[in-house]
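So that we are looking at the same thing, I have put the structure below in structure tokens.
In what follows, every chain begins at residue 1, and chains take the letters A, B, ... in the order their sequences are listed. Only heavy atoms go into these numbers, but all of them, side chains included; no hydrogens, no water, no symmetry mates. All values derive from a computational prediction rather than experimental measurement.
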Protein chains: 4
Amino acid sequence: MTAVTDGLSRVERRKAETRREIIDAAFTCFAEQGYHATGIADIAARLGIGHGTFYRYFANKRDIVEHVITDLIDRIVAALGAENAPDAVSTLEAYRAQTERIGNALAQIFTEDPRMPQLLISAAGIDDAMRERMLELFEMTTPLTAAYLEHGVREGYLRADLDIEPTAQSINGMILGSLLVGMRDPSPQRQARLSAAIRAVMYDGISRR
Amino acid sequence: MTAVTDGLSRVERRKAETRREIIDAAFTCFAEQGYHATGIADIAARLGIGHGTFYRYFANKRDIVEHVITDLIDRIVAALGAENAPDAVSTLEAYRAQTERIGNALAQIFTEDPRMPQLLISAAGIDDAMRERMLELFEMTTPLTAAYLEHGVREGYLRADLDIEPTAQSINGMILGSLLVGMRDPSPQRQARLSAAIRAVMYDGISRR
Amino acid sequence: MTAVTDGLSRVERRKAETRREIIDAAFTCFAEQGYHATGIADIAARLGIGHGTFYRYFANKRDIVEHVITDLIDRIVAALGAENAPDAVSTLEAYRAQTERIGNALAQIFTEDPRMPQLLISAAGIDDAMRERMLELFEMTTPLTAAYLEHGVREGYLRADLDIEPTAQSINGMILGSLLVGMRDPSPQRQARLSAAIRAVMYDGISRR
Amino acid sequence: MTAVTDGLSRVERRKAETRREIIDAAFTCFAEQGYHATGIADIAARLGIGHGTFYRYFANKRDIVEHVITDLIDRIVAALGAENAPDAVSTLEAYRAQTERIGNALAQIFTEDPRMPQLLISAAGIDDAMRERMLELFEMTTPLTAAYLEHGVREGYLRADLDIEPTAQSINGMILGSLLVGMRDPSPQRQARLSAAIRAVMYDGISRR
DNA sequence: CATGAATGAGGGTTCATTCAT
DNA sequence: AATGAATGAACCCTCATTCAT
């Protein structure tokens, strides 16, 4: 009768739901207090479940943070992917507009939930493997941006001599920077000015013509 | 004879020296194993002192990491300040060359001691206050870069319509990005390409003329 | 039709059957991993039943081990009893042969299922009450052996001056020793030599005539 | 000034003393409540030390029981070794007397401190490795007894056709049996009768001449 | 009646911090 | 002043047991 059973029984759905809730609670705890300051008991208490219950859903503390981070990355990638259509435009004007849309989408993710960047930073300090994942996350965005650049070069509205990969990394660096700035001053004004400045640098550079 | 030690007794000098050594040892430990994985005993052992002695020089674990980070920031600021002469040049050509020098200097700091960025990341995860300090560190570089931009605008070789502050932040974002990339692939080739790409974007943008 | 199931409904028979299966599964688990290392879940998993079901048949973990041990003791006693016919023989020759048969029967019980002695040892470590039961088990064998001795004395082929009870205990001690030796080296050769040595000591002693 | 400094400083002596005390306290706890029922906190509480202190002296719970057992075995071996002089006698009479002395010495060890056999049994149930050690302990006594037998055969007062090793094991089995009996009824009368019965069986066997 | 999700007491272990020597 | 032995709060994790479905 239920519309989207997806082949899962009621218990299985309930179980998946609890997993989700634990991930969300853990997300909040880790973001608010940091990984090390968060006890399994804190996560359980936030949900009103016994802390033993936690271990029915996740193997250990490391396991949950892994899932929280994976989940977070998935959300970011989904948000980026939603706007991802490198070959949708064919003029510089249209491209600039697209850039602005993508930037806004990203800004929204992080501004909407300020715990996100906090968690990312907190996670990077957990251990070597986690730091590596965070760096990977940053590098994962390189091909996304690179695809836009490649398309632009092919279409002829971007410079033919671009060294695509490092250029993409530079652009993503600017976005990362705006994220950090946004953590201290999340005002829309600041974000708007930053966003405009990034586009100005990105498309025209700072040299006087 | 040295200015700083003037007026300090021999004991006081010895004490300052030990503090220095503890900070250095802690720096190494924190960078190598991370803040939480490092025990006071590890720091003391590295110096060959009793771990009780540590507490005669620093109030607690939080205290030492504070000093380690302050020390690290000082070193970075010093390195940046050494090359800091926004008004030394008056043509775009000279400015580009200066940018390259500054970039190289910065790259050297972090490449020379790869534990530095690791420590910064590790530190950002300690607690809210520490994360704030890390963000502050990033913002601290804004006026430095902004000074160059201002000078360039005044001299006429940079665009007159630059929104100085966010533009400086964007440029610093690119530098930060190159740092992260450098943590995974510290090869000089990669750094050189990135450095070149940053300058290309920065001065000319990516639009086809 | 069978005597034991007479008067039991089908459900009751099924219930008894499940109890039997749980005891057997528990026996295997306890013997293989030891009492403390065995979880209720292990026992249930081995049977493919839910571990909640376990508690419908036994009150708790202590309860099941009690039953496992009782069951084990019953099997040992049955095996001993089967060969038990102290008054079947009337000459030393026949008695020696009978001893050998009994020894073989016992050896077979333990060699057949090497988990038995392991379980007995494991059980003895559970708590005071269990240790007591294990000691009782050993003492329970005293009258069995004593019966043979008494008969032999009465028949005249054993020494008249035997202090029956402690003598029986001594003989049983030799059997216990052979059991322990058999746990580390269960080879038939070793068992055969031990068995022969026990009989040699037992009947003739070690003194040169 | 102190007579037996043995090259140890005062702190080192104090440390060794504390180790001793912990081993003793653990011995008592393990023997009284069993290994699993004993918490590190119990051991520490018995000594009036913090339970964290325990870990300055022993790596973990397994480590302490290892030391307790080793210590116990050492004491047993020392007691056996003290009376160990297989070639001190040359007649059956003297040998019987020696056997009685050894038996008494052994009985005294275990009667004196009834926790000893309890601990041995408890230990055997800890895990496979421990059970193995307990079996080894029993086998360790084989060569001791075997040495006496060999000497007796060589001197001519024991039967020439003894299969030394299994015979030694049989004799040790009788001793083990008397130990178990002694755990339930430690009265000297019982021990005396058992001891006499063992010697009677051992030297003369039970056959009527 | 069977199930297994939920529970929380309990225990081992770590380590920052204190303080007597 | 230096030391390191002692401490116990804190935390992760297990598993026997309960009970709603």
*For the pair made of NE2 in His51(B) and P in dA1(F), what is the distance, rounded to whole Å?*
19 Å
*Separation of Arg62(D) atom CZ from dT13(E) atom P, in whole Å?*
12 Å
*Which residue, Ala59(C) or Tyr35(A), contacts DNA chain F at a nucleotide closer to its 5' end, judged by nearest heavy atom?*
Tyr35(A)
*Can you tell me the distance, in whole Å, between the CD atom of Gln33(D) and the P atom of dG10(E)?*
14 Å
*Tell me, do Asp127(D) and Arg62(D) make a side-chain contact under 4.5 Å, heavy atoms counted?*
yes
*If you check the Arg56(B) side chain, which of dT3(E), dT7(F), dA1(F) turns out closest?*
dA1(F)
*How close or far is atom P of dC15(E) from atom NE2 of His36(A), stated in whole angstroms?*
12 Å
*How many Å lie between OH on Tyr55(D) and P on dT14(E), as a whole number?*
7 Å
*Mind checking Phe54(C) for me? I need base, sugar-phosphate or nothing, with any heavy atom below 4.0 Å counting as a touch.*
nothing
*Who does dG10(E) pair with, Watson-Crick or G-U, both distances under 3.5 Å?*
dC13(F)
*Between the side chains of Asp71(B) and His67(B), is a donor N or O closer than 3.5 angstrom to an acceptor N or O?*
no
_Whichever of Val11(B) and Gly52(C) has its nearest DNA chain F nucleotide further upstream toward 5'_ = Val11(B)
*Quick one: label Thr18(B) by what it contacts on the DNA or RNA (base, sugar-phosphate, nothing), any heavy atom closer than 4.0 Å.*
nothing
*Can you tell me how far C1' of dG4(E) sits from NZ of Lys15(A), to the nearest Å?*
8 Å
*Does a side-chain N-to-carboxylate-O contact under 4.0 Å join Arg20(D) and Asp24(D)?*
yes
*Got a donor-acceptor contact below 3.5 angstrom from the Ser122(C) side chain to the Tyr35(C) backbone?*
yes
*Taking CD1 from Ile22(C) and P from dC1(E), how many angstroms apart are they, rounded to a whole number?*
14 Å
*Taking a pair as Watson-Crick or G-U wobble with both distances under 3.5 Å, which nucleotide is matched to dA20(F)?*
dT3(E)
*Want to settle it: does Tyr57(C) or Thr53(D) sit nearer the 5' end of DNA chain E, counting the closest nucleotide to each?*
Tyr57(C)
*With side chains defined as the heavy atoms from C-beta onward, is the minimum distance between Ile69(A) and Leu137(A) less than 4.5 Å?*
no
*Roughly how many Å is it from CD1 in Ile40(B) to C1' in dT17(E), rounded to a whole number?*
9 Å
*Looking for any heavy atom pair under 4.0 Å, which part of the strands does Phe58(C) touch: base, sugar-phosphate only, or nothing?*
nothing
